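As structure tokens, the structure follows; a few thoughts come after it.
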Amino acid sequence: CSSETKCVADASCVSGTTRTVCKTGCSYSTIQSALSASSYNDKVEINDSATYNEFVKWPNANGIVLDCKGATLQGYGSLKGIYMNNTDENTVRNCNIKNYGQGIYLDPSSGYNILENNISNNNDYGIFFQGTNLINCPILNKIKDNIIQNNRISGIRLYPGRENKIQNNKISGHTYGIHIQSNDGTNSYTTIESNNISNNDYGIYFIENDNMNPISDNIFCPSSTSYD
């Protein structure tokens, strides 16, 4: 051929919009309103250190980043702090999430990054992954660099999940630090590595023959005669 053609991405189409949240002076005054306005590749940033008494439902959109930058989401002992359902490749980071039923609740979704959050004092679970079986469940998500402590039942509960990674978290003060159930007797292939798992009644607890999970380089520090 005498000529060549090439497709080049238009950066203006894919760069996304940053939506700011604060009590006064920002584009949005609630996290929910900023997320609801967001679409692919957008970023929601909280620009103050305030406490937001919200129950946040993730929009039906992929590729969004929520960066709380140290702000707090606080509930009233029930419901879900952040609820995601059938969305992919989103990120939640730098959030303090406390006093909900479940701090972060993920229905079948994939490619999430849950990073550098402090998730504590929730009435049931810090992070809960929900599915019906190992086909229809949260897949290929990463839980990394979080402090997960003093949630009443479990720090992290996968019921079930597949090929998720739980890495470099501090998990303490629960009945179950990490609780994984495959739901149909097959393996979830969950990677659990480089976590500090301490002061839980059970450090890691598996149900239903879930035995094909790489577990390495974790620190276990029991506080009683229970199991870690």
Side-chain angles (χ1 to χ4, degrees), residues 21 30-32 34-36 38 43-44 46 51-131 137-162 164-181 188 190 192 195:
V21 178
T30 67
I31 301 167
Q32 184 65 69
L35 280 171
S36 296
S38 297
K43 185 174 184 179
V44 173
I46 304 178
T51 296
Y52 291 81
N53 301 113
E54 299 187 42
F55 302 99
V56 175
K57 187 177 187 301
W58 207 268
N60 187 24
N62 303 325
I64 298 172
V65 175
L66 169 61
D67 189 346
C68 293
K69 298 172 71 174
T72 297
L73 283 74
Q74 180 169 306
Y76 302 98
S78 63
L79 302 179
K80 303 166 179 66
I82 301 176
Y83 174 54
M84 303 93 153
N85 183 24
N86 286 311
T87 55
D88 302 319
E89 298 181 0
N90 295 296
T91 297
V92 177
R93 70 187 313 152
N94 297 321
C95 300
N96 297 309
I97 303 171
K98 63 182 182 179
N99 295 348
Y100 294 94
Q102 303 87 33
I104 294 177
Y105 189 109
L106 193 67
D107 263 347
S109 301
S110 66
Y112 266 80
N113 293 297
I114 300 173
L115 310 172
E116 300 171 327
N117 302 286
N118 191 322
I119 304 170
S120 64
N121 296 300
N122 295 287
N123 201 40
D124 295 324
Y125 309 104
I127 298 172
F128 187 89
F129 283 10
Q130 174 71 58
C137 68
I139 299 171
L140 297 171
N141 302 287
K142 183 183 292 185
I143 302 171
K144 185 176 181 181
D145 295 329
N146 301 280
I147 298 172
I148 304 168
Q149 60 187 357
N150 299 327
N151 302 285
R152 188 176 67 87
I153 301 175
S154 301
I156 300 171
R157 174 79 158 103
L158 275 58
Y159 183 68
R162 180 160 58 85
N164 298 290
K165 293 184 177 181
I166 302 172
Q167 299 171 310
N168 202 40
N169 302 283
K170 294 181 179 178
I171 304 168
S172 65
H174 310 94
T175 301
Y176 305 98
I178 300 172
H179 187 182
I180 298 175
Q181 184 170 353
S188 64
T190 301
I192 303 172
N195 300 283

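Quantities reported herein were computed from a predicted structural model and do not represent experimental measurements. We're numbering straight along the sequence, starting at 1.
Considering only residues two or more places apart in sequence or on other chains, Phe129 meets the ring-ring contact (aromatic ring centres under 6.0 Å, His included) condition with none of them. By the salt bridge (charged side-chain N to carboxylate O under 4.0 Å, His left out) test, Asp124 pairs with Arg152, sequence neighbours left out. A search for side chain to side chain donor-acceptor pair (under 3.5 Å) contacts involving Asn86 returns nothing, not counting sequence neighbours. Applying the salt bridge (charged side-chain N to carboxylate O under 4.0 Å, His left out) criterion to Lys144, with sequence neighbours excluded, gives no partner residue. Residues that satisfy the salt bridge (charged side-chain N to carboxylate O under 4.0 Å, His left out) test with Glu116, not counting sequence neighbours, are Arg93. Annotation: ring-ring contact (aromatic ring centres under 6.0 Å, His included) contacts of Tyr52 (sequence neighbours excluded): none. Listed by chain and number, the residues in a side chain to side chain donor-acceptor pair (under 3.5 Å) with Lys69 are Asn47 (sequence neighbours excluded). In this view, Tyr125 and Phe128 satisfy the ring-ring contact (aromatic ring centres under 6.0 Å, His included) rule, not counting sequence neighbours. In this structure Lys57 satisfies the salt bridge (charged side-chain N to carboxylate O under 4.0 Å, His left out) test with no other residue, sequence neighbours excluded. Among residues two or more places apart in sequence or in another chain, the disulfide bond (SG atoms under 2.5 Å apart) test is passed with Cys68 by Cys95. The side chain to side chain donor-acceptor pair (under 3.5 Å) search around Asn118 returns none, not counting sequence neighbours.
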ask   = Going through the checks in order, is the side chain to side chain contact (heavy atoms under 4.5 Å, CB included) test met by His174 and Ser154?
value = CA-CA 5 Å; His174 310 94; Ser154 301; 5.6 Å; no
task = Check the pair Tyr112 / Asn90 against side chain to side chain donor-acceptor pair (under 3.5 Å), numbers first and verdict last.
result = CA-CA 5 Å; Tyr112 266 80; Asn90 295 296; 3.0 Å; yes
Trace of the side chain to side chain donor-acceptor pair (under 3.5 Å) decision for Thr190 with Asn164 = CA-CA 5 Å; Thr190 301; Asn164 298 290; 5.0 Å; no
inquiry  = side chain to side chain contact (heavy atoms under 4.5 Å, CB included) for Leu66 and Ile82? Distances and angles first, verdict last.
reply    = CA-CA 11 Å; Leu66 169 61; Ile82 301 176; 4.1 Å; yes
request  = Please step through side chain to side chain donor-acceptor pair (under 3.5 Å) for the pair Asp88 and Asn62, ending with a clear verdict.
outcome  = CA-CA 5 Å; Asp88 302 319; Asn62 303 325; 4.5 Å; no
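More than 12 heavy atoms of other residues, nucleotides or ligands lie within 6.0 Å of CD in Gln32, so this atom counts as buried by the packing criterion.
Nearest heavy-atom pair across Ile192 and Ile180 is CD1-CD1, 3.9 Å. Heavy-atom minimum distance, Trp58 versus Thr91: CH2-O, 3.7 Å. The two atoms that bring Tyr100 and Glu54 nearest to each other are OH-O, 2.6 Å, heavy atoms only. Nearest heavy atoms, Gly131 versus Pro160: O-CD, 3.4 Å. Closest of all the heavy-atom pairs between Asn141 and Ser109 is ND2-O, 3.3 Å. Of all the heavy atoms in Pro59 and Ser36, the pair that sits closest is CB-CA, 4.4 Å.
Two residues are said to be in side-chain contact when any heavy atoms from C-beta on lie closer than 4.5 Å; Tyr83 and Ile104 fail this criterion. Within the 4.5 Å cutoff, the side chain of Val92 has heavy atoms near those of the Met84 side chain. Residues Thr30 and Val21 fail the side-chain proximity criterion, which asks for heavy atoms closer than 4.5 Å. Between Gln149 and Lys170, the closest side-chain pair of non-hydrogen atoms is not below 4.5 Å. Put simply, the side chain of Ile156 reaches to within 4.5 Å of the side chain of Leu158, judged on heavy atoms.
Checked by atom type and distance alone, the side chain of Asp67 never pairs as donor or acceptor with a backbone atom of Val44 at under 3.5 Å. Judged by distance alone, with hydrogens and angles left aside, the side-chain atoms of Gln130 form no donor-acceptor pair with the main-chain N or O of Tyr105 at under 3.5 Å. Panel note: side chain Asn151, backbone Ile119; a donor-acceptor pair is recorded below 3.5 Å. A donor-acceptor pair under 3.5 Å links the side-chain atoms of Asn195 to the main chain of Asn169, judged by distance alone.
In this structure, the separation between CD1 on Ile64 and OG on Ser38 is 5.0 Å, given to the nearest 0.5 Å.
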Just list the side-chain donor-acceptor pairs under 3.5 Å for residues 72-81, sequence neighbours left out, or say none.
none

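Residue Asn117 is tested with Asn94, Asn96, Asn146 for a side chain to side chain donor-acceptor pair (under 3.5 Å); the sole match is Asn146.
For the residue pair Asn121 and Asn99, no side-chain donor N or O sits within less than 3.5 Å of a side-chain acceptor on the partner.
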